[in-house]
Amino acid sequence: MDRIMTVPKAFDAHADLDCVRSLDDRLYGWHNTLIALRH
């Protein structure tokens with residue numbers, strides 16, 4: 001989970017871009033969160 005949380009911080013300067021928001025949605029979606037919690 002730490003690795004997943006590190007990526008958005010690297011993109012903070014570009015947070016207003018649609019592609020960065022889309023990536024955030026994918027990284028923090030329920031599916032990925034549940035998978036991360038299982039490990």
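Reckoned from all heavy atoms, side chains included, excluding hydrogens, waters and symmetry mates. What you see is a predicted model, and the numbers here were worked out from it, not measured in a lab.
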Requested in this report: Inspect the contact between Arg21 and Asp24 and indicate whether a charged nitrogen and a carboxylate oxygen are less than 4.0 angstrom apart.
Outcome: no
Report task. Please list, chain by chain and in numerical order, all residues satisfying side-chain hydrogen bond (donor to acceptor under 3.5 Å, both in side chains) with Asp25, sequence neighbours excluded. Result -> none
Report task. Apply salt bridge (charged side-chain N to carboxylate O under 4.0 Å, His left out) to Asp16 and list each qualifying residue two or more places apart in sequence or on a separate chain. Result -> none
